[in-house]
Colleague: 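Pasting in a structure now, in structure tokens, and then I'll have a few things to ask.
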Amino acid sequence: MTDQMWRSLDNTLADVLEMTWPMILISVVLLSSLRLSYLLKSKEPFVLHKELLTLFFVIYILCLFQVVTFQDVSNFGTNNFTPFKEISRYTFGSRLFIKNIIGNMLMFVPYGFFVSYYGKITDWKHSFCMVLIASLVIESTQLAIGRVFDVDDILLNVIGGMIGYLIYKSLDKIGNLCPKVLKSSLFLDILTIACFLMFSAYIIWR
């Protein structure tokens, strides 16, 4: 990927963070405090990497909702029911290509991963159906609230979701081959914290 494409991807991510950071901050504080209160009262074991993963999933769903329902009528086009019509409009590597093609795929990669992880899905057809249903609901909702329906978005979402499924399957296979020390809660906690710190550093210092 060229420097220009990386910059476009970085700018697209920055736009999403600018839109969602208030909701992320409030949700993290409220959800974390509620969860910690419940764990202390119920005396259930606290597993850091599992708690952070679940928190990330909830925040992701909330961000996805905000992004796909955001009302900006100046950027709305017309409904598209013809496959590949919108995809073919964008020049490879351009800002619009990154935002509308790569962005729509990347947006559903976490969903494909999480739906497979929490559903313990091992069959790609099951994951495909779950991702397709989610994308259809989103596009239909956008049409109902005055945004546009784009069949190409569904295609790109499904591709992204299946990439997420493949990531889950790959990590699951790698995990089965790893020694026990690399599957311990302590190691997974450290790995999760490291990923969180790197992402936080990117947001703060970008």
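In what follows, every heavy atom counts, from backbone to side chain, and hydrogens, waters and symmetry copies are set aside.
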Colleague: Is the number of heavy atoms from other residues, nucleotides or ligands under 6.0 Å of Lys183 NZ greater than 12?
Modeller: yes
Colleague: State the CG-CG distance between Asp189 and Leu48, to the nearest 0.5 angstrom.
Modeller: 4.5 Å
Colleague: Compare all side-chain heavy atoms of Thr141 with those of Val68 and state whether any distance is below 4.5 angstrom.
Modeller: no
Colleague: Is the shortest side-chain heavy-atom distance between Leu53 and Thr192 below 4.5 Å?
Modeller: no
Colleague: Working note: Ile59 + Cys63, criterion side-chain contact (heavy atoms from CB on, under 4.5 Å); need CA distance, chi angles, decisive distance, verdict.
Modeller: CA-CA 6 Å; Ile59 297 301; Cys63 288; 4.0 Å; yes
Colleague: Hey, could you give me the CD1/CG distance between Ile101 and Leu155, rounded to the nearest 0.5 Å?
Modeller: 10.0 Å
Colleague: Between Ser127 and Tyr168, do the side chains contain a donor N or O and an acceptor N or O under 3.5 Å apart?
Modeller: no
Colleague: Within this structure, what is the CE-CG distance for the pair Met23 and Leu25, rounded to the nearest 0.5 Å?
Modeller: 10.5 Å
Colleague: Should Phe97 and Thr91 count as side-chain neighbours, where that means a heavy-atom distance under 4.5 Å?
Modeller: no
Colleague: Would you mind reporting whether Ser32 and Leu55 have side-chain heavy atoms less than 4.5 Å apart?
Modeller: yes
Colleague: Any heavy-atom pair between the side chains of Leu64 and Ile138 that's under 4.5 Å?
Modeller: yes
Colleague: Just wondering, more than 12 heavy atoms not from Glu44 lying within 6.0 Å of its CD?
Modeller: yes
Colleague: Does Val151 reach the side chain of Lys85, with side-chain heavy atoms less than 4.5 Å apart?
Modeller: no
Colleague: Quick test of your reading: applying ring pair (Phe, Tyr, Trp, His ring centres under 6.0 Å), list the pairs with at least one residue in residues 134-157, sequence neighbours left out, ordered by first then second residue.
Modeller: Phe81-Phe149
Colleague: Rounded to the nearest 0.5 Å, what's the gap from CG on Asn157 to CE on Met162? Could you check?
Modeller: 13.0 Å
Colleague: May I ask you to establish whether Lys120 and Tyr117 are in a cation-pi arrangement, using a distance under 6.0 Å from NZ or CZ to the six-membered ring centre and at most 45° from the ring axis?
Modeller: yes
Colleague: Check the orientation of Tyr111 and Phe108. Use parallel for under 30°, tilted for 30 to 60°, and perpendicular for over 60°.
Modeller: tilted
Colleague: So, for Phe199 and Leu17, which heavy atoms are closest and what is the spacing to 0.1 Å?
Modeller: CZ-CD2, 4.5 Å
Colleague: Does Asp15 come within less than 4.0 Å of Arg95, counting only side-chain N to carboxylate O?
Modeller: yes
Colleague: Heavy-atom count around Phe196 CZ within 6.0 Å, excluding the residue itself: above 12?
Modeller: no
Colleague: Quick one: does Met107's side chain get under 4.5 Å of Val67's, heavy atoms only?
Modeller: yes
Colleague: Taking the side chain as C-beta and beyond, is there a heavy-atom pair between Leu36 and Phe46 under 4.5 Å?
Modeller: yes
